[in-house]
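Okay, so here's the structure we're looking at.
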Amino acid sequence: MNKTLKTIGAPSMEELRCSAAFPEKKDYQRGPIAIIECTEEIPCNPCETVCPKGAIKVGDPITNLPTIDFDLCSGCGICAAKCPGLAIYILDVNYTENEALIMFPFEYLPFPERGETVSLVNRLGDTVCPGRVESVLSSKSYDHTTLISVAFPKQYYEDVVSMKKLG
Amino acid sequence: MKKYEVVVVGAGPAGLSAAIECARAGAKVLVADENNKPGGQLFKQIHKFFGSKEHKAGVRGIYIGEQLLKETENLSIEVWLGSEVCGIDADKSVWIIKNKEESCCVKAERIIIASGATENSIAFEGWTLPGVMGAGAAQTMMNCYRVLPGKRVLMIGSGNVGVIVSYQLLQAGAEVVGIVEAASALGGYGVHTAKVRRAGVPFYTGYTVKRGIGEKYIEAAEIVKLDSDWKHIPGSEKILTADTICLAVGLTPLIELAWLAGCRFTYSAKLGGHIPVHNKYMETTVKGIYIAGDVSGIEEASTAMEEGRLAGISAAWSLGYYDDQEAEILIEEEWRKLNLLRCGQFGVNRKVSKDEILNKWEEMRNE
Ligand SMILES: Cc1cc2nc3c(=O)[nH]c(=O)nc-3n(C[C@H](O)[C@H](O)[C@H](O)COP(=O)(O)OP(=O)(O)OC[C@H]3O[C@@H](n4cnc5c(N)ncnc54)[C@H](O)[C@@H]3O)c2cc1C
Ligand code: SF4
Ligand code: SF4
């Protein structure tokens with residue numbers, strides 16, 4: 001397997017597909033779902049405890065890798081805001097006919113404005129395509145982690161994970 | 001001479017947790033810290049912590065620090081700041097330079113040493129130039145004093161400290177030109193490396209820093225690839241423009257006070273160096289002297305807090321504030337929580353090393 005997490009810092013698609021929580025092709029068709037890119041056994045489980053639908057399981061011991069039941073996940077984004085590893089984003093591949101929508105956690109100032117065009121990046125930080133900001137959510141309970149939603153051409157749905165920092 | 005039932009050295013997560021447990025049980029406690037602010041490393045940790053709910057997972061380190069300070073205040077625990085502990089005698093007299101000016105001596109029945117750790121350094125050509133600093137120092141400048149240490153930073157070391165400080169440098173507005181790791185695999189949690197990588201920070205795995213370049217201060221850094229014997233591969237050098245080189249190459253427990261107090265030691269490379277041997281109650285080989293946190297082996301704030309509680313409960317128990325049954329229940333509970341943090345691919349080595357230290361204590365007792 002092409003493993004890159006421990007050499008270049010970002011996981012390869014192969015590595016991700018081998019992790020239990022990563023969606024299969026058909027799962028993407030269910031509407032917005034949480035995509036969890038957490039592939040190492042670290043002692044951590046906020047994703048499990050904050051999910052209001054009980055969709056994520058870590059269990060005992062807390063070093064288990066998270067798993068997710070896509071039937072239960074509503075794509076609300078709470079886990080994405082709470083995960084201390086910033087390892088979860090929400091993806092809706094069928095946002096419009098041609099566009100997907102990604103909602104990712106973001107902790108760099110300044111924030112973009114609604115309607116602004118931003119550069120979306122892949123796991124290596126390379127620019128993939130431009131995207132249109134649909135919303136910027138900062139709730140008090142997210143504690144300074146902001147959720148940014150961006151619409152983009154859907155063919156890039158497996159590549160886009162975040163946006164280029166502004167300023 | 002002033003008398004206390006318990007004197008705690010260090011007001012970091014371990015020391016404060018220990019003091020809180022002692023005071024909660026009813027003991028009279030003094031906490032001394034050489035810093036002007038309590039909280040140890042916690043007030044630099046602006047990121048959310050891992051763990052479970054009972055370890056305050058998902059909460060930023062600064063807020064965990066604030067909660068500890070509030071509890072310390074609610075229990076009216078006496079805290080001396082700007083007060084370095086510089087000696088411990090065999091009869092448990094503790095020598096302190098109070099407020100950086102007055103030397104004084106207090107008498108303790110029990111002592112808990114929670115002095116934390118100090119950053120390691122590596123030497124290379126140009127390492128004395130301004131602009132070379134510890135990653136922890138850079139973190140203190142940014143997050144405690146709001147000073148950006150540099151505009152273009154090269155990070156040496158890819159453990160959690162290196163990647164977290166890199167992330168915080170990006171947040172503060174600096175550019176991180178690369179993270180250099182001598183080993184063939186990155187050290188930090190994958191979720192942390194992925195976070196800085198998608199921000200465009202390159203990792204140089206199998207590289208080390210060869211030279212800091214600049215006349216009066218750092219203007220660039222030369223890095224070089226290493227072969228399987230850790231030797232420089234000629235011709236593989238790269239020059240990166242940078243005004244700051246941050247060293248995140250490990251921590252060493254601050255054990256001087258434990259030496260002075262006559263504690264016996266064992267060496268553990270995985271835990272950061274010479275470690276005072278202790279038992280499952282965190283008591284060293286000197287009766288009545290306990291340790292907790294990074295001084296008992298480099299781990300994390302979450303483990304430091306549990307160990308601090310363990311030491312605090314044990315000290316209070318030995319003073320008669322708990323009966324055996326109560327104490328055993330509390331201590332078992334702390335161990336359950338500690339073991340949760342010491343499993344999985346990153347924790348299991350620490351668990352093995354910690355167990356070796358406990359075994360060593362048994363061995364030394366039987367000598
Ligand atoms: C960049 C970075 C990121 C980290 N991220 C995390 C994380 O995400 N999660 C996590 O759980 N942990 C994290 N840690 C680790 C964590 O900060 C430490 O493990 C923890 O602070 C150790 O607690 P402690 O109380 O043992 O020591 P410290 O916090 O270092 O406190 C020791 C205190 O003792 C005082 N002291 C020392 N000697 C004396 C003396 N002679 N007299 C008086 N006072 C003295 C010092 O001034 C200090 O205040 C991180 C560490 C770093 C550097
Ligand atoms: S997006 Fe909402 S429902 Fe889905 S796993 Fe996360 S918290 Fe649960
Ligand atoms: S909260 Fe995030 S880092 Fe922690 S286990 Fe869940 S996905 Fe992994």
Side-chain angles (χ1 to χ4, degrees), chain A residues 3-11 15-16 19 36-50 58 60-65 79 81-89 104-109 120-127 141-145 160-165 167, chain B residues 46-63 158 160 163 166-168 170-173 175 179 181 183-206 300 302-303 337-348:
Chain A
K3 284 193 171 184
T4 56
L5 182 64
K6 295 321 257 184
T7 50
I8 63 170
E15 247 169 319
L16 289 171
S19 70
I36 305 175
E37 300 198 356
C38 176
T39 61
E40 287 179 326
E41 297 172 339
I42 54 178
C44 185
N45 70 1
C47 50
E48 176 181 37
T49 50
V50 301
V58 174
D60 186 21
I62 54 168
T63 44
N64 287 343
L65 293 183
C79 56
K82 292 287 191 166
C83 164
L86 265 57
I88 309 180
Y89 53 88
F104 53 82
F106 200 70
E107 296 186 333
Y108 301 108
L109 289 170
L120 295 175
V121 296
N122 63 15
R123 295 174 183 83
L124 303 181
D126 301 329
T127 301
S141 74
Y142 297 171
D143 184 16
H144 298 90
T145 304
V160 165
V161 290
S162 190
M163 63 174 262
K164 263 223 148 60
K165 160 173 163 236
Chain B
I46 58 169
H47 54 282
K48 292 178 180 171
F49 275 29
F50 294 100
S52 71
K53 218 175 205 159
E54 56 194 4
H55 306 111
K56 303 196 160 65
V59 180
R60 295 183 191 273
I62 29 171
Y63 301 136
S158 73
N160 278 333
V163 281
S166 295
Y167 181 60
Q168 294 175 354
L170 294 170
Q171 287 181 301
E175 189 186 339
I179 301 180
E181 172 56 59
S184 57
L186 303 176
Y189 288 172
V191 289
H192 285 317
T193 59
K195 190 161 68 176
V196 292
R197 181 70 222 216
R198 66 176 172 262
V201 176
F203 284 92
Y204 293 94
T205 314
E300 297 176 324
S302 29
T303 43
K337 288 195 266 172
L338 266 175
N339 285 333
L340 281 177
L341 295 169
R342 290 181 182 147
C343 62
Q345 68 194 86
F346 290 91
V348 70

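Chain naming here is simple, since letters A, B, ... match the order of the sequence lines and numbering starts at 1 in each. For clarity, every value in this text was computed on a predicted model and none was experimentally measured.
The structure places CG of Leu340(B) at 12.5 Å from SG of Cys44(A), a figure rounded to the nearest 0.5 Å. Summarising the geometry, atom NE2 belonging to His47(B) is positioned 15.5 Å from atom NE2 belonging to His144(A); distances are rounded to the nearest 0.5 Å.
Neither the backbone nor the side chain of Phe106(A) comes within less than 4.5 Å of any heavy atom of chain B. When heavy atoms are compared at a cutoff of 4.5 Å, Lys82(A) approaches chain B solely by way of its backbone atoms N, CA, C and O. In this structure, chain B has no heavy atom under 4.5 Å from any part of Leu109(A). Interface remark: Ser184(B) contributes backbone atoms only to the contact with chain A (heavy atom separation under 4.5 Å). Residue contact with chain A, scored on non-hydrogen atoms closer than 4.5 Å, involves the backbone and the side chain of Leu170(B) alike. Only the side chain of Asp60(A) comes within less than 4.5 Å of a heavy atom in chain B; its backbone stays farther off. When heavy atoms are compared at a cutoff of 4.5 Å, Tyr204(B) does not approach chain A at all. For chain B, the nearby parts of Thr7(A) are the backbone and the side chain; heavy atoms of each come within less than 4.5 Å.
Of all the heavy atoms in Glu41(A) and Gln345(B), the pair that sits closest is N-OE1, 2.9 Å. Between Lys48(B) and Asp143(A), the shortest heavy-atom distance links the atoms CE-O, 3.7 Å. Gly51(B) approaches Pro46(A) most closely through the heavy-atom pair O-CD, 3.6 Å.
For the pair Leu86(A)/Arg198(B), a side-chain contact is recorded, criterion being any heavy-atom separation below 4.5 Å from C-beta on. The side-chain heavy atoms of Phe50(B) and Ile42(A), taken from C-beta on, include a pair separated by under 4.5 Å. A heavy-atom distance below 4.5 Å is found between the side chains of Thr193(B) and Leu5(A).
Side-chain atoms of Arg342(B) and Thr63(A) include no donor-acceptor pair closer than 3.5 Å.
Among Cys83(A), Gly125(A), Cys47(A), Pro61(A), the residue making the largest number of heavy-atom pairs under 4.5 Å with chain B is Gly125(A). Of the residues considered (Phe49(B), Tyr167(B), Tyr63(B)), Tyr167(B) shows the highest number of contacts with chain A, using heavy-atom pairs under 4.5 Å. Between chain B and the residues Pro43(A), Ala87(A), Cys38(A), Pro11(A), the most heavy-atom pairs under 4.5 angstrom are made by Pro43(A). Among Val50(A), Ile62(A), Val58(A), Asn64(A), the residue making the largest number of heavy-atom pairs under 4.5 Å with chain B is Ile62(A).
Using a cut-off of 4.0 Å between Lys/Arg side-chain N and Asp/Glu carboxylate O, Arg197(B) and Glu37(A) are scored as not salt-bridged.
Gln171(B) places a side-chain N or O within 3.5 Å of a backbone atom of Glu107(A) that can act as its donor or acceptor partner. Remark: side-chain polar atoms of Lys6(A) are paired, donor with acceptor, to backbone N or O of Gly188(B) under 3.5 angstrom. Within the 3.5 Å criterion, the main-chain N or O of Asn45(A) finds no donor-acceptor partner in the side chain of Ser52(B).
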